[in-house]
There are 2 protein chains.
Amino acid sequence: MSLELTPVQTVACCSPLSREPLTESEAEGIVPLLKALGDPVRLRLMSLVASHEGGEACVCDLNDAFELSQPTISHHLKVLHEAGLLEREKRGVWVYYRARTDALSGLAALIGGQAQ
Amino acid sequence: MSLELTPVQTVACCSPLSREPLTESEAEGIVPLLKALGDPVRLRLMSLVASHEGGEACVCDLNDAFELSQPTISHHLKVLHEAGLLEREKRGVWVYYRARTDALSGLAALIGGQAQ
DNA sequence: CTTAAACATCGACAAGTGTAAATATTTACC
DNA sequence: GGTAAATATTTACACTTGTCGATGTTTAAG
């Protein structure tokens, strides 16, 4: 995940996406984030964790929010974690996931600059 | 007239994604955009069009930027168009695509608010 | 009217993905 | 140690998706 912006780029007219064509390697660094969020269950999981009090949520809470099997939720959480969008912390028997808001805002800054 | 704060304003701190859990229907409205951008070729196509002078690009230019067949590029442009990320205009034999920067910034605002 | 060029659509196939059942692993508690 | 609970992993399978070749459609030029 190379979402680094130099000061020069930061003050330019718009988002990196609209400023100049992304290279192949740049695109391949960003795509995993978009793919991870491009599933309704994972997008809702991300939102559930990010909006949860304390900024974190236990897997046990997340399982109950969907009519899906526990392994399926576990799989989606793994995808989000490996994309760098969720942090994972084990406390006792429970596992807590925390949203990487820096990754979210970085991704937003990359795609969302207004034109000119 | 006094300025009252609605409950929404009171809790408003960040992006919709991080403010409260997305509903299933909300997620299914956003996912097509993320899926459309979640492919390296389409992300680069989007960037190519958005960063092109005049804000638009001819398909003929886009074809030359990839070592992919013309039908494949046409397919990807259709996906981006149907997601609402690209406008399509035919002029003579040529077809020009234009980036929907409003859609991009809207998506960015949805996912990218910083915490607190 | 014929031809060529630009772009889209169709059909097919390999690769990727979401899902669940079964099983494994880790931790707490008796 | 034994047992139960919380999560993860494995395996398998149906479904989706990216790609290309072949073909269709539209427009301009001769």
Side-chain angles (χ1 to χ4, degrees), chain A residues 22 24 27-49 52 54 56-99, chain B residues 22 24 27-28 30-49 52 56-99:
Chain A
L22 292 176
E24 186 171 352
E28 285 174 352
I30 302 162
V31 157
L33 295 174
L34 293 164
K35 268 188 178 166
L37 293 176
D39 176 272
V41 174
R42 286 197 294 268
L43 187 62
R44 290 180 63 199
L45 278 172
M46 195 71 203
S47 180
L48 272 170
V49 174
H52 203 267
E56 66 179 15
C58 175
V59 176
C60 54
D61 298 327
L62 302 174
N63 276 326
D64 297 342
F66 299 87
E67 293 188 354
L68 290 171
S69 71
Q70 174 265 320
T72 296
I73 299 298
S74 184
H75 161 70
H76 285 307
L77 289 171
K78 184 180 183 180
V79 172
L80 288 168
H81 174 60
E82 289 181 342
L85 290 166
L86 286 182
E87 279 177 351
R88 185 177 181 279
E89 186 184 353
K90 188 168 186 177
R91 295 206 289 269
V93 185
W94 295 275
V95 172
Y96 292 82
Y97 282 94
R98 177 178 295 271
Chain B
L22 292 176
E24 186 172 352
E28 285 174 352
I30 303 163
V31 159
L33 295 175
L34 293 164
K35 267 188 178 167
L37 293 176
D39 175 271
V41 175
R42 285 198 294 269
L43 188 62
R44 290 179 63 198
L45 278 171
M46 194 72 202
S47 180
L48 271 169
V49 174
H52 203 266
E56 66 179 15
C58 174
V59 176
C60 53
D61 299 326
L62 302 174
N63 277 325
D64 297 341
F66 299 87
E67 293 189 355
L68 291 170
S69 70
Q70 174 265 322
T72 295
I73 300 297
S74 184
H75 161 70
H76 285 307
L77 289 171
K78 184 180 184 180
V79 172
L80 289 167
H81 174 59
E82 289 181 340
L85 289 166
L86 285 182
E87 281 177 350
R88 185 177 181 280
E89 186 185 353
K90 187 167 186 179
R91 294 205 293 268
V93 185
W94 295 274
V95 173
Y96 292 83
Y97 283 93
R98 176 178 296 271

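When reading the values below, keep in mind they use all heavy atoms of this one structure, side chains included, and skip hydrogens, waters and symmetry mates. Order of the sequence lines sets the chain letters (A, B, ...), proteins ahead of strands, with each chain counted from 1.
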**Q.** Between dT26(D) (C1') and E89(B) (CD): distance, integer Å
**A.** 16 Å
Q: Taking the side chain as every heavy atom from C-beta outward, state whether E87(B) and E89(B) have any pair of such atoms under 4.5 Å apart.
A: no
Q) When you check every protein heavy atom under 4.0 Å of nucleotides 25-30 of chain C, what one-letter string (B, S, -) results, 5' to 3'? A) -SSS--
(Q) For the CD1 atom of I73(A) and the CZ atom of R42(A), what is their distance to the nearest 0.5 Å? (A) 11.0 Å
Q: Can you measure from CE (M46(A)) to CG (L43(A)) and round to the nearest 0.5 angstrom?
A: 9.0 Å
(Q) Measuring to OP1 and OP2 of dA8(C), would you say a side-chain N or O of R88(B) lies under 4.0 angstrom away? (A) yes
Q) Quick one: which of dG18(D), dA20(C), dT7(D) gets closest to the side chain of L68(A)? A) dA20(C)
Q.
Base, sugar-phosphate or nothing for Y97(B)? Non-hydrogen atoms, less than 4.0 Å.
A. sugar-phosphate
Q: Let me know the distance between CD of E82(B) and C1' of dA8(C), rounded to the nearest Å.
A: 12 Å
Q. Are L34(A) and D39(B) side-chain neighbours, meaning at least one heavy-atom pair lies under 4.5 Å?
A. no
Q) When rounded to the nearest 0.5 angstrom, what distance separates CG in L62(A) from NE2 in H76(A)? A) 12.0 Å
**Q.** From Y96(B) atom OH to D61(B) atom CG, the distance as rounded to the nearest 0.5 Å
**A.** 7.5 Å
Q. Between D39(B) (CG) and dT17(C) (P), how many Å, whole number?
A. 11 Å
**Q.** Whole-Å distance separating the CG atom of L86(B) from the C1' atom of dA8(C)
**A.** 16 Å
(Q) Contact list please: residues 69-78 of chain B against DNA chain D, heavy atoms, distance less than 4.0 Å, in numerical order. (A) S69(B), P71(B), T72(B), H75(B), H76(B)
